[in-house]
Amino acid sequence: MADLSALPGGKSPWQSAARFGLYTLLLIFAAYYILPLIVVLSTSLKDLDEIRNGTLLSLPSEINFDAWGYAWNEACIGVSCTGLKPYFWNSVAMTIPAVLISTLLGALTGYSLTKFKFKGANLIFAMILFGCFIPFQVVLLPMAQSLGYLRIANTVPGLVLVHIVYGLPFTVLFFRNYYVNIPDDLIKAATIDGAGFFMIFWRIMLPLSPPIIVVTIIWQFTQIWNDFLFGASFTTGGGQPVTVALNNLVNTTTGVKRYNVDMAAALITAAPTLVVYVLAGRYFVRGLTAGSVKG
Amino acid sequence: MMSLMTQKTIPAKQPLSDWFRRNVAKLVVAPTFGLIIFFVYGFIAWTGYVSFTKSKMLPTYSFEGFYQYIRLWKMTPWNVAMENLLVFGSLFILIAIVLGCLLAIALDQKVRAEGVLRTVYLYPMAISFIITGTAWKWILNPGLGIQSLMQSWGWESFAFDWLINSEMAVYTLVIAAVWQSSGFVMALFLAALRGVDSEIIKAAYLDGASLSRIYLVIILPTLRPVFLSCFFILTHMAVKSFDLVVALTGGGPGYSTIMPANFMYEMTFRRNQIGLGAASAMMMLATVMAIVIPYLYSELREKKNG
Amino acid sequence: MASLSIQNVKKSYGAIEVLKGIDLDLEDGEFLVLLGPSGCGKSTLLNMIAGLDTITDGEILIDQNVVNDVHPKDRDIAMVFQSYALYPNMSVARNIGFGLEMRKVTKEDREKRVDEAARMLQIDHLSDRKPAQLSGGQRQRVAMGRALVRDPEIFLFDEPLSNLDAKLRVEMRTEIKKLHQRLGTTMVYVTHDQIEAMTLASRIAILREGEVQQFASPQEVYEKPANMYVAGFVGSPPMNFVPAAVVSEGGKLGVSIERTANGNRSSVFLALPNDRQDIGDWVGRNVILGIRPETLTHRSDAEISLNKGLQAFDCQVEVLEPTGADTLTYIELGGREVIARVNPYNTTEPGETMAFMVDMGKASLFDPKTELRI
Ligand SMILES: Nc1ncnc2c1ncn2[C@@H]1O[C@H](COP(=O)(O)OP(=O)(O)OP(=O)(O)O)[C@@H](O)[C@H]1O
Ligand SMILES: [Mg+2]
């Protein structure tokens, strides 16, 4: 909004008190959001004795990555003690193709539905959009059966298929809403210039799309990486994605409860999305609210 | 001036490539649309059908009317789950919206280090509910968490055992869910605030309106669409919430914190009550639709009217 | 270069009929301006010529070939859009050359032609810039360059100047005119600015609600408007419409106009020139007299003696609006406000009576019911 405090009459003792209150509020909530991360991080760096004798907020006396190594290589998930490593790679192998394919299909579909409108295009969009709103519970059962039929139950390709299908409504929504704001005249001009459907997509639409591609990829990446429901429903044992494995690790009750390992495992699981967010989060928010492209 | 292309003829029609050119957009949309038709509409129909059968471990297809629905609503866990959804949902939505809106307004006052603060508020959004649940389970754990922290600081009588208290455990879900989602709400509000026409604000300032009045009377009403969007997104999250419960409370103590999604999962995959699971899934769909359809309807009408 | 023929072309969006049977024929090298108010279907017609919109009914022929089913890229046309539609991600040179690139013109050739077009439009120093880094006028030139470089059979312009400021608009107008004179290519130009239409066109088609009102040379449209709509649309300030009755006085055909001067009702008789004897059967009936402001001016006996068409009368002046070269003088005739164009040195004060003359040889008469020219 406009910077009113810079206008004449904007500076008064009241104003200073209000500013102080404002910063206090902002900092209290910053603590609410950041402290859990600090607690988890510091716990993951302590050894078990320090955890039992210290408190939540006490910092580790020395930085100790043992728990991280243990969580990655050795921790027991159910009965197999392989650490998170294989599950982490499951997640990677599931997430990357699912994100790329659903984004590409979303872009092509959004482009067709806005720039090459045919009869019924709006109805088709509405029908695809509906997929954003369903609670996935209504598709769990038939999906489990279908994956069995297709012989891809409990496999990475099976999960890739699931995530592509149920990510599509969102990617189509993002791209359609973005492409609607690109002037139709650009497509007309390119058509007269002799470019066809795919040429226009490749040479004109895609070069204009980075903001929405970033939004879509971040969205899909976090959704798919963070998914638990599909992973828990369609996989068992070695085929599980890392979120499911993390939950099993935390709830595996054989032996001593190693809180530091739990926390390290949680951080390992969170690391990829956190990194993506820290690197590109600002483009995400900007892109979510970005308007049109000017020609 | 340019004589390089003097010979110009209009080429003859080529039926096949013409047909392709005319239909390429439909051909491109077809796979996506086909997937959605099969995996969304087809599957919902299938689940709907199974919910009217007595399927147990394997689906059977003889129609039994509302048998499963009647059974469902007679079960205490399902009723508890729906109650929990109501309590959790309304608190979570209300707090997340109020907090998100407040933080957005606070951040919109030209504060220092806005970028850092925004990042801090927003990062939980990037994290899985499983991780959120795991982290908060540790923090709220009475033995080693906040309770013992406060006691070690000298507040001996401090008790914070919500996590293991079946009356209060559902509120721990609210705390964790708000932590995870309110930053996102804040981001939506902040973006909308940045879009408010600053001329209007200057005009109101010239008219002598105070800052709080400007917000209450002028700015917040223009943010109505954002309130609606947030309400809708959060409702959707609440109905779908499954993983947070699994990771934070495991549905316990007892089944005091289960949600419909957990009930459905339990019936379908653990207890081999497919028909009952399907019926509960259909009830969840109905709940979401009861909120989504009016929302979409009002959105579309607004678009048409202006 | 090519001729263009539009035969009974119709366009409907669902139940809404946007174009209701358009017939236009253009010779090779003509400059057609489609003139009309917003929403009358100009862009729709232009898009159909370009092949960017389907034709509901009728035929469009380029060089005697029906092109209804020919893809835009094969019609050998180029188009300049109102929004310019420059590709934001490409440099100026890339933008101009894109059409050639799609047509697989070799790189060498392409660069040569892009260069030539850019130099012609004086934008050769901007080749490496992106559209966002250009001013409105420069963007406009790039859009023109993109069309020019293709050396098409027909140029299509959709309100290409409407996003420019007044001064640039006049400048670019002249340049487009020069371009047409130099290239001699057939051009179709859409605008709602009647001055643009008058200056550029070899023929104007005036559209209203999907129908052609008149299709003629600018001069004819101006002097002999086919109906009151055209008469009112073309010319600024617009033609004055005065209710009148055709009468025969002393053997001379003329019109009689009612008016009130100083509270008294009286009538003015204005004789029509002898070549308007064709309206003999209108005697005694009401008509609308159309007078262009510049044919109504202060009385000059010297001129009256030279031109038989000039008719004199006196009238009270109501308002004066000096524009510099002329002073627009408002008077009341037949109950309507009428504008006269008067030399600033011959005006009187408002409220006083002044002597006027009107060139009845240039006046138009319209049927009050059908609004058509008589
Ligand atoms: N896709 C469409 N569906 C329905 N009606 C349309 C469509 N496109 C145009 N129209 C209607 O057709 C009419 C003519 O539109 P057109 O764009 O040709 O007007 P125009 O003469 O170019 O106006 P302007 O000077 O404002 O550009 C308008 O009334 C418009 O509402
Ligand atoms: Mg137009």
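A note on names: the letters A, B, ... follow the listed sequences, proteins ahead of strands, and every chain is numbered from 1.
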Check: B:F232 ring centre within less than 6.0 Å of A:F133 ring centre =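 When the ring centroids of B:F232 and A:F133 are compared, they turn out to be within the sub-6.0 Å range.
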Donor-acceptor contact present, side-chain A:T273 to main-chain B:A126, <3.5 Å |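 Yes: the side chain of A:T273 pairs with the backbone of B:A126.
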Return yes if some donor-acceptor pair links the side-chain N/O of B:Y121 with the main-chain N/O of A:L26 below 3.5 Å, else return no.
->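 It does hold such a pair.
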Side-chain heavy-atom pair [X], [Y] within 4.5 angstrom cut-off:
X: B:D243; Y: A:T243; answer: no
X: B:V111; Y: A:Y23; answer: yes
X: A:L140; Y: B:T268; answer: no
X: A:F228; Y: B:F129; answer: no
X: A:F130; Y: B:I36; answer: no

Hey, which of A:F29, A:Y32, A:W225 has the most heavy atom pairs under 4.5 Å with chain B?
->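 Top count of heavy-atom pairs under 4.5 Å with chain B: A:Y32.
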Pairing residues for A:T43 by the side-chain hydrogen bond (donor to acceptor under 3.5 Å, both in side chains) criterion, not counting sequence neighbours =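 Once residues adjacent in sequence are excluded, the partners of A:T43 under the side-chain hydrogen bond (donor to acceptor under 3.5 Å, both in side chains) criterion are B:W138.
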Give the member of B:V120, B:V50, B:T132 that has the highest number of heavy-atom pairs under 4.5 Å with chain A.
->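 Top option by heavy-atom pairs under 4.5 Å: B:V120.
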Considering residues, nucleotides and ligands other than A:M199, do more than 12 of their heavy atoms fall under 6.0 Å from its CE?
->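 For A:M199, atom CE is not crowded (no more than 12 foreign heavy atoms under 6.0 Å).
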Sequence neighbours excluded - salt bridge (charged side-chain N to carboxylate O under 4.0 Å, His left out) pairs with any residue from residues 128-147 of chain B |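 Every candidate salt bridge (charged side-chain N to carboxylate O under 4.0 Å, His left out) pair involving residues 128-147 of chain B fails, so no pair, neighbours aside, qualifies.
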